[in-house]
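See below for the structure under consideration.
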Amino acid sequence: MPRLRFAPSPTGYLHVGGARTALFNWLYARRHGGVFVLRIEDTDVERSQAEMVTGILDGLRWLGIDWDEGPEIGGPHAPYYQSQRLDRYRAAARQLLDSGQAFEDGGAIRFKVPPGKTSFADSVHGPIEFDNEHIESFVILRSDTHPTYHLSVVVDDIDMAITHVVRGDDHISNTPKQVLLYQAFGKTPPAFAHVPLIMGADKQRLSKRHGATSVMEYETLGYLPEAMVNFLALLGWGTGSNDELLTKDELIQRFDLDGISGGNAVFNTEKLDWFNHQYLLKLTDNELTSRLQAQRPGAWDLGKDAAWSARVLALLRPRCKRLTDYRDQLAPFFVDPASYDADGVKKHLSAPGMAAHLAALKDAYATVAPFDEASTEQALRALADARGLKAAALIHGTRLAMTGRMVSPGIFEMLVLLGRDRVLSRLDALATHLANDPTS
RNA sequence: GUCCCCGUCGUCCAGAGGCCUAGGACGUGGCCCUUUCAAGGCUAAAACACGGGUUCGAAUCCCGUCGGGGACGCCA
C-alpha cells in the first residue's frame, strides 16, 4: 500500500507551492488507496513556530486535503512532530558513528560520503546520477544534538514506511545525500518524484513580491477552495486529455505521477480567476449565499426574500469572478449611494437640465404601472423622446442615481429589484444633489 | 564557480518517429448582442530556442550552443 507524506516546516504559512506539493501527494494516495501522512519538520528550534503549524493545518483543511496520520489525529507512527522524535535521530547518528559511516567534527557528526556515484530513479525526470565527489561530508547531527534535515527525513521516512516521496524540484540535489543515508542504514530508498517549481509571472520563484503566496490569502481574496484545487492540480500536471474543469473526485481518478511535466510552471492569476468564476457559477443560490456569509458574516442579508435574492444573484453571477466581487456589487441593492462617481457625474450629468430631467423621470416612475422592466424602459424612452434626449443619457443618469457608479447590471432589471420606493427616493436624491451642487 | 533539472502559442497543458498544414484551455484582437460593465455566440492571431547529427521520415532519439530554473548551511 502506498504511503505518502507532506512534511512542511513550520517556519512560514502554507504557500501555494507547498499546497500543490501536498495536493499531489494526497491525490496519489487517494488514487491508489494509500495513506497520506502529515509530518511537521520542526527540528530547527530557532525558526519553527507553533502558530505556523496551525496555519498550515488550516490551509490544508481549507483546500479539503485531509490526512490519515499526523498532528491532531496521531497514528501508528506517532509522534508526527520531529521535535518529539529527537531520540530516534540521535540513535541513528550513533549507529552510523559506530559502524564507521559517520565521524565527529567539532561536536557535530558528519556523514562519511563514500567514493563512487549515486543515482536514483525519478518518476518525473527519469534516472538522475551524481558523482559523490560533488557531495560534501554533510552534517547529520548538529553540535546541539539536533538532527539536520537530511538525517531526520530519512529516519522518519524509514520509520513511517514512506513509499513515495513527492516534493519540489529544489530537493533534487539533496536526494543523493538521502539515498546515501538509506544505503548506510541498509534500506531501500522510496520512489522519488520531484515536481517543478511554481514561478511568478516574471518566471522568478514565487515570493511575496508576486502578491498573495499564502493559500489562506486566496480565501481572503474571494477564491473558492475547489477552484484553487483544480487550478493547482493543473499546474505542472496534465490529464492527457483536454478536460480542465475537474472535480476533486475526477482529479483523484486521473492523477498520475507520470503526467507531471518537467519544467517550471508560471502561476497564472487570470486562469485562476476563470476557474473561480466557473466554480462560482456551479454553486446553487443557497450555497453561494452561505459562502458569502462565511466570507463576511452579516454583510448583506440575502436570506430575507429568496425569490428576490435569486433574481439579484442571477444578475450578478456573470459579473462576479470572486466572492469579494459580490460583496462589492451587492451594495447598491442594500444601501443608497453614499456618493456619486466624479467621472460619471462629469460625463453624464454635466449637461444643463439634467436635474430637471431626472425629476421628470421620477414623476413618471411614480405612476408607471406595472413597475416592471418593460414599463420602466418604455417610460424612460418615452420621456427621453419628449425631452429631445437620447435614451442613453437618461439611462446613464439613472444608473448614477441608483448606484453612484458608472457600471452596473442592466438598469431596468435593477429598477425592478430595487422597487418603486427606492427608485423614486434615489432619483430625488440625485436631482437634489445636482440642483444644489452640480459640479460635485 | 561547481553540480543538477528544464526548454511546444504571452501562460498552463496535449503531443511518447509518420495520425502535426502541431490540438485544447486561459489571456489577447475582431465581429455580433447592447443602456454601462460583464457574460454569451462567432471568429482571428499566436509556439516546436538555435545548430549539427541518427532515420526513408523528428516537436518527438543523440550531441553541442544558447537561454531559464534549482542546489551547493551545524535551514528545511
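Just so it is clear, the values below take in all heavy atoms, side chains as well, and ignore hydrogens, waters and symmetry mates. So you know, we letter chains A, B, ... as the sequences are listed, proteins then strands, and number each from 1.
- Of all nucleotides listed (B:C12, B:A76, B:C74), B:A76 comes nearest to the side chain of A:H171.
- Ranking B:C12, B:U35, B:C13 by closeness to the A:V266 side chain, first place goes to B:C12.
- Between A:I128 atom CD1 and B:C6 atom C1' the separation is 11 Å, expressed in whole Å.
- Nearest to the side chain of A:I395, among B:G69, B:U35, B:G24, sits B:U35.
- Residue A:T11 is out of contact with every strand shown, counting any heavy-atom pair closer than 4.0 Å.
- Between the C1' atoms of B:U2 and B:C62, the separation comes to 25 Å (whole Å).
- The A:H396 side chain lies nearest to B:U35 when the options are B:C74, B:U35, B:C37.
- Here B:U28 sits opposite B:A44 as a Watson-Crick or G-U wobble pair (both hydrogen-bonding atom distances under 3.5 Å).
- Comparing B:G70, B:A38, B:C75 by their nearest atom to the side chain of A:R47 picks out B:C75.
- Expressed to the nearest 0.5 Å, how far CD of A:E250 lies from OG1 of A:T239 amounts to 10.0 Å.
- Side-chain proximity of A:R399 to the nucleotides B:A39, B:U36, B:G73 is greatest for B:U36.
- Separating the P atom of B:C61 from that of B:A25 is a span of 27 Å, rounded to the nearest Å.
- Within the nucleic acid shown, A:T43 comes within 4.0 Å of sugar-phosphate atoms alone, with no base atom in reach, counting heavy atoms only.
- Spacing between atom CD of A:E270 and atom P of B:G27 amounts to 8 Å, rounded to whole angstrom units.
- Comparing B:U11 with B:C50, their C1' atoms sit 23 Å apart, to the nearest whole Å.
- In this structure, of B:G69, B:A76, B:G24, it is B:G24 that holds the atom nearest to the side chain of A:E244.
- Summarising the geometry of A:T289 relative to A:D285, their closest heavy-atom pair is OG1-O, 2.7 Å, with the distance given to 0.1 Å.
- OP1 and OP2 of B:U36 both lie 4.0 Å or more from every side-chain N or O belonging to A:R405.
- Out of B:G69, B:G27, B:C75, the shortest distance to the side chain of A:Q204 is found at B:G69.
- Between A:N242 atom CG and B:G23 atom P there is a gap of 11 Å when expressed in whole angstrom units.
- Taking the nucleotide of RNA chain B with the nearest heavy atom to each of A:Y149 and A:M406, the more 5' of the two is matched to A:M406.
- Classified by interplanar angle (parallel below 30°, tilted 30° to 60°, perpendicular above 60°), the ring pair A:F267/A:F231 is perpendicular.
- The CE-P distance, from A:M199 to B:C6, rounds to 15 Å in whole Å.
- Nucleic acid contact for A:A391: none, since no nucleic acid atom lies under 4.0 Å from a heavy atom of the residue.
- Across all strands shown, A:H194 has no heavy atoms under 4.0 Å from either base or sugar-phosphate atoms.
- Between A:Q329 and A:R319 the shortest heavy-atom distance is NE2-O, 3.4 Å.
- Backbone-only contact: A:L197 has heavy atoms under 4.0 Å from sugar-phosphate atoms and none from a base.
- Heavy atoms of A:P409 sit under 4.0 angstrom from at least one base atom.
- Among the protein residues, A:G236 comes within range of the sugar-phosphate backbone only, with heavy atoms under 4.0 Å from sugar or phosphate atoms but none that close to a base.
- At B:U11, one or more side-chain N or O atoms of A:K203 fall inside 4.0 Å of OP1 or OP2 (strictly under the cut-off).
- Rounded to an integer number of Å, the gap from A:F267 CZ to B:C13 P is 13 Å.
- As rounded to whole Å, 18 Å separates atom P of B:C6 from atom CD1 of A:I198.
- Residue A:L380 contributes atom CG, which lies 11 Å from atom P of B:U35 at whole-angstrom precision.
- Set against B:A76, B:G69, B:G10, the side chain of A:N268 has B:G10 as its closest nucleotide.
- For the P atom pair drawn from B:C48 and B:C12, the interatomic distance equals 16 Å after rounding to whole Å.
- Applying the Watson-Crick and G-U wobble criteria (two distances, each under 3.5 Å), B:G67 pairs with B:C6.
- Nucleotides B:C74 and B:G15 have their C1' atoms positioned 48 Å apart, rounded to a whole Å.
- Of the P atoms belonging to B:C31 and B:G52, the separation is 44 Å, rounded to the nearest Å.
- An OP1 or OP2 oxygen of B:G70 is reached within less than 4.0 angstrom by no side-chain nitrogen or oxygen of A:S173.
- A:I411 comes within contact range of at least one nucleobase, with a heavy-atom separation under 4.0 Å.
- Between B:G73 and A:R142, no contact under 4.0 Å exists linking OP1 or OP2 to a side-chain N or O.
- To the nearest 0.5 Å, atom OG of residue A:S375 and atom CG of residue A:L380 are 12.5 Å apart.
- For the P atom pair drawn from B:U60 and B:G53, the interatomic distance equals 15 Å after rounding to whole Å.
- A 3.5 Å limit on both hydrogen-bonding distances identifies B:C72 as the Watson-Crick or G-U partner of B:G1.
- Taking the centre and axis of the six-membered ring of A:Y279, the NZ or CZ atom of A:K282 falls inside the cone set by 45° and 6.0 Å.
- You'll find that the side chain of A:H134 is closest to B:C3, out of B:A76, B:C3, B:C74.
- As judged by a 4.0 angstrom heavy-atom cut-off over every strand, A:G259 is placed among residues touching the sugar-phosphate backbone only.
- Contact annotation: side chain of A:K321 to base of B:A38, donor-acceptor pair absent below 3.5 Å.
- Close to B:A71, at under 4.0 Å from its OP1 or OP2, lies a side-chain N or O of A:R205.
- Side-chain atoms of A:N174 come within donor-acceptor range of the base of B:A76, with a qualifying N/O pair under 3.5 Å.
- Residue A:T148 has no polar side-chain atom (N or O) positioned under 4.0 Å from OP1 or OP2 of B:G73.
- Nucleotides of RNA chain B nearest to A:L315 and A:G262 differ in position, and the one nearer the 5' end is that of A:G262.
- A centroid separation of less than 6.0 Å is found between the aromatic rings of A:W300 and A:F334.
- For A:F130 and B:A71, the CZ to P distance is 12 Å, given to the nearest whole Å.
- Between A:Y89 and the options A:Q82, A:H146, A:R94, a side chain to side chain contact (heavy atoms under 4.5 Å, CB included) holds for only A:Q82.
- Residues A:D169 and A:H194 have side chains that never bring a donor and an acceptor to within less than 3.5 angstrom of each other.
- Rounded to whole Å, the separation between the C1' atoms of B:A14 and B:C20 comes to 12 Å.
- Taking 4.0 angstrom as the limit, A:H146 places none of its side-chain polar atoms (N or O) nearer than this to OP1 or OP2 of B:C74.
- Taking a pair to require two hydrogen-bonding distances under 3.5 Å in either a Watson-Crick or a G-U wobble arrangement, B:C33 remains unpaired.
- Nucleotide B:C19: unpaired (no Watson-Crick or G-U wobble partner with both distances less than 3.5 Å).
- The aromatic rings of A:W237 and A:F255 are tilted relative to each other, their planes meeting at an angle between 30° and 60°.
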